[in-house]
There are 2 protein chains.
Amino acid sequence: MNKEEIIDLISKEYSLLTSDCKSELSNNSRIVTPEKNTILVKEGQFSDKTFFIIKGCARAYYLKDGRDISDWFAFENDFICSINSFFLNIPSPHFIEVLEDSLLLEISRENVERLSDKYSDFERLNRIVVTKTMLQQQERIVSIQFQSAEQKYENILSIYPNVTQRIPLTHIASYIGITLETLSRIRKPKKPNLI
Amino acid sequence: MNKEEIIDLISKEYSLLTSDCKSELSNNSRIVTPEKNTILVKEGQFSDKTFFIIKGCARAYYLKDGRDISDWFAFENDFICSINSFFLNIPSPHFIEVLEDSLLLEISRENVERLSDKYSDFERLNRIVVTKTMLQQQERIVSIQFQSAEQKYENILSIYPNVTQRIPLTHIASYIGITLETLSRIRKPKKPNLI
DNA sequence: ATAGTTTTTTCACAAAGGTGAATCTAAATT
DNA sequence: AATTTAGATTCACCTTTGTGAAAAAACTAT
């Protein structure tokens with residue numbers, strides 16, 4: 001898949017771009033192909049890049065008291081970035097790593113801003129990507145807030161049905177805010193009620 | 001405060017608007033002054049309005065198994081809307097009510113969309129409002145995810161220092177995902193360690 | 001295959017927070 | 001002031017989930 005096809009995909013997936021805008025985006029982005037477990041962003045680093053995933057998957061995570069907490073999963077057709085660093089221009093509290101050999105399109109904040117200024121259709125795409133993220137976060141808040149461990153696990157399965165095939169359970173557990181041990185309990189088939 | 005001053009305030013607070021855009025926004029929005037405890041949006045209703053708060057405060061909440069769960073607080077200079085209904089055009093899972101006599105500017109989605117199409121500076125403002133919301137939600141997720149009840153309470157106090165003066169504790173408790181009883185335990189001054 | 005590493009499951013115990021009921025307080029309303 | 005109502009606190013008990021350690025299973029690489 002070449003860059004033009006990738007950009008067409010983004011344009012189709014999120015919001016249509018003019019051909020001028022597409023070709024300028026093409027000249028101001030690059031394809032990266034990190035292999036499994038490559039760290040794209042390290043904690044503490046200023047990261048002004050956002051990544052569109054054509055193939056593969058990635059996660060953002062942070063270390064809280066030495067523990068690895070997954071905060072974001074992204075798959076094909078998703079964008080992922082260090083949300084705080086990218087939008088607030090502060091050192092990233094997150095690491096970002098790819099969990100499979102991946103094919104990504106990397107775009108810098110500078111170019112996102114410049115293209116948003118120059119092309120109102122790019123500004124719109126920008127707004128649509130952010131809105132989608134916001135709505136996903138809204139769902140996630142409701143899920144974490146008042147669901148039991150079991151409901152939260154069912155919830156993530158309903159959003160990403162094959163997540164267990166692609167993401168280690170440790171990461172899934174921390175993402176939904178429970179321990180790996182609790183997740184194990186949940187996954188263990190229940191005894192039928194013997195009367 | 002008249003409408004032009006309010007719109008200047010929005011423009012200054014979020015992103016500058018041209019005078020054409022401001023006057024068109026002025027002609028396509030209305031001031032509302034609901035008194036304390038007025039419900040602006042009911043569950044199940046399609047709500048295509050967003051409200052900018054000039055004075056007062058409001059909350060979005062939903063009923064889960066008959067219990068009232070606060071999901072959003074908004075104060076002066078914040079926008080509040082039924083996030084799902086406004087952006088996805090579905091029936092609102094939330095109620096929205098004002099918690100004090102308030103002064104609000106109401107804008108319809110239709111006008112938000114129309115103005116976004118027509119004025120790239122309005123599209124930008126739109127994107128900036130959504131981005132700000134997304135970043136607040138990000139903070140909230142981190143807070144609910146791995147903080148103890150006590151830390152979550154301290155966290156909301158650090159974000160809204162006088163929240164306890166304006167919002168009943170029941171709502172604060174449900175917002176941070178704990179029971180009112182647990183919140184009481186936390187607020188009760190601890191016995192000093194007697195040696 | 002074999003050894004080594006990582007991931008997942010299991011267990012016993014502990015702690016945090018939820019539950020339901022009762023009580024107390026403060027603010028409205030008459 | 002007296003009464004009503006809504007909001008906040010306290011208590012005893014219970015459930016869910018976390019903790020630390022160990023075992024089992026599933027991958028990796030030699």
Side-chain angles (χ1 to χ4, degrees), chain A residues 35-39 57 59 61 63-70 73 95 97-101 142-157 162-191 193, chain B residues 35-39 57 59 61 63-70 73 95 97-101 142-157 162-191 193:
Chain A
E35 61 182 29
K36 186 172 173 167
N37 296 327
T38 303
I39 306 254
C57 63
R59 70 176 183 122
Y61 66 100
L63 298 179
K64 184 178 161 70
D65 310 325
R67 307 218 259 133
D68 172 321
I69 311 288
S70 290
F73 296 134
F95 294 80
E97 71 170 355
V98 297
L99 297 168
E100 299 170 355
D101 295 350
V142 171
S143 172
I144 325 182
Q145 186 81 317
F146 280 94
Q147 293 189 333
S148 66
E150 186 159 6
Q151 288 171 322
K152 288 189 278 190
Y153 179 60
E154 275 159 18
N155 188 252
I156 194 178
L157 285 182
N162 60 348
V163 71
T164 52
Q165 272 85 68
R166 299 181 74 178
I167 313 264
L169 293 181
T170 334
H171 300 334
I172 295 175
S174 72
Y175 180 80
I176 61 176
I178 65 176
T179 59
L180 177 60
E181 291 81 355
T182 301
L183 182 55
S184 261
R185 277 196 278 245
I186 289 162
R187 285 164 53 83
K188 187 182 175 180
K190 298 193 196 71
K191 293 196 197 96
N193 280 340
Chain B
E35 61 182 29
K36 186 173 172 166
N37 295 327
T38 303
I39 305 255
C57 63
R59 70 176 181 120
Y61 66 100
L63 298 179
K64 184 177 160 71
D65 310 325
R67 307 218 260 134
D68 173 319
I69 311 288
S70 290
F73 296 133
F95 294 81
E97 71 169 355
V98 296
L99 296 168
E100 298 170 356
D101 295 350
V142 172
S143 172
I144 19 186
Q145 186 81 317
F146 281 94
Q147 293 189 333
S148 66
E150 187 160 5
Q151 288 170 323
K152 287 189 279 190
Y153 180 60
E154 276 159 19
N155 188 252
I156 193 177
L157 285 182
N162 60 347
V163 71
T164 53
Q165 274 84 66
R166 298 181 75 178
I167 312 264
L169 293 181
T170 332
H171 300 334
I172 296 175
S174 71
Y175 180 79
I176 61 176
I178 65 176
T179 59
L180 177 59
E181 291 82 353
T182 301
L183 182 55
S184 262
R185 278 195 277 244
I186 289 163
R187 284 164 53 84
K188 187 182 174 180
K190 298 193 196 72
K191 293 196 198 96
N193 281 340

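In what follows, chains are A, B, ... by sequence order, proteins preceding strands, each numbered from 1.
For the pair B/Gln147 CD and D/dT17 C1', the interatomic distance rounds to 18 Å; values are reported in whole Å. Atom pair A/Ile176:CD1 and D/dT16:P shows a separation of 16 Å (rounding to whole Å applied). Between the P atom of C/dT7 and the CG atom of A/Leu180 lies a distance of 10 Å, rounded to the nearest Å. Here D/dG7 presents its C1' atom at 14 Å from CG of B/Leu99, a figure rounded to the nearest Å. Atom P of nucleotide D/dA8 and atom CD of B/Gln165 are separated by 12 Å, given to the nearest angstrom. A straight line from CD of A/Glu181 to P of D/dA24 spans 17 Å, rounded to a whole angstrom. Protein atom CG of A/Asn37 is 17 Å distant from nucleotide atom P of C/dT5, rounded to whole Å. Rounded to a whole Å, the CD atom of A/Glu35 is 14 Å from the P atom of D/dT28.
If B/Lys152 and B/Lys36 are placed on DNA chain C by their nearest nucleotide, the residue sitting closer to the 5' end is B/Lys152. Comparing B/Thr179 and A/Thr182 by the nucleotide of DNA chain C whose heavy atom lies nearest to each, the residue mapping closer to the 5' end is A/Thr182.
Listed pair B/Arg185 / D/dT9 fails the phosphate criterion, with no side-chain N or O lying under 4.0 Å from OP1 or OP2. Remark: B/Arg67 is in phosphate contact with C/dT19, judged by side-chain N or O atoms under 4.0 Å from OP1 or OP2. For D/dA8, one of the phosphate oxygens OP1 or OP2 lies less than 4.0 angstrom from a side-chain nitrogen or oxygen of B/Thr170.
Counting non-hydrogen atoms under 4.0 angstrom, A/Ser184 reaches a base of the nucleic acid. Using a 4.0 Å heavy-atom criterion, one finds that A/Leu183 contacts no nucleic acid atom at all.
A donor-acceptor pair under 3.5 Å is formed between the side chain of A/Ser174 and the backbone N or O of A/Ser70.
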Candidate pair B/Val142 and B/Gln145, rule side chain to side chain contact (heavy atoms under 4.5 Å, CB included), full reasoning: CA-CA 5 Å; B/Val142 172; B/Gln145 186 81 317; 5.7 Å; no

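Taken to the nearest 0.5 Å, the OG1 atom of A/Thr182 stands 13.5 Å off from the OH atom of A/Tyr153.
The minimum heavy-atom distance between B/Arg187 and B/Leu169, with the atom names listed, is NE-CD1, 3.4 Å. Contact between A/Gln147 and A/Asn155 at its shortest, heavy atoms only, is OE1-CB, 3.7 Å.
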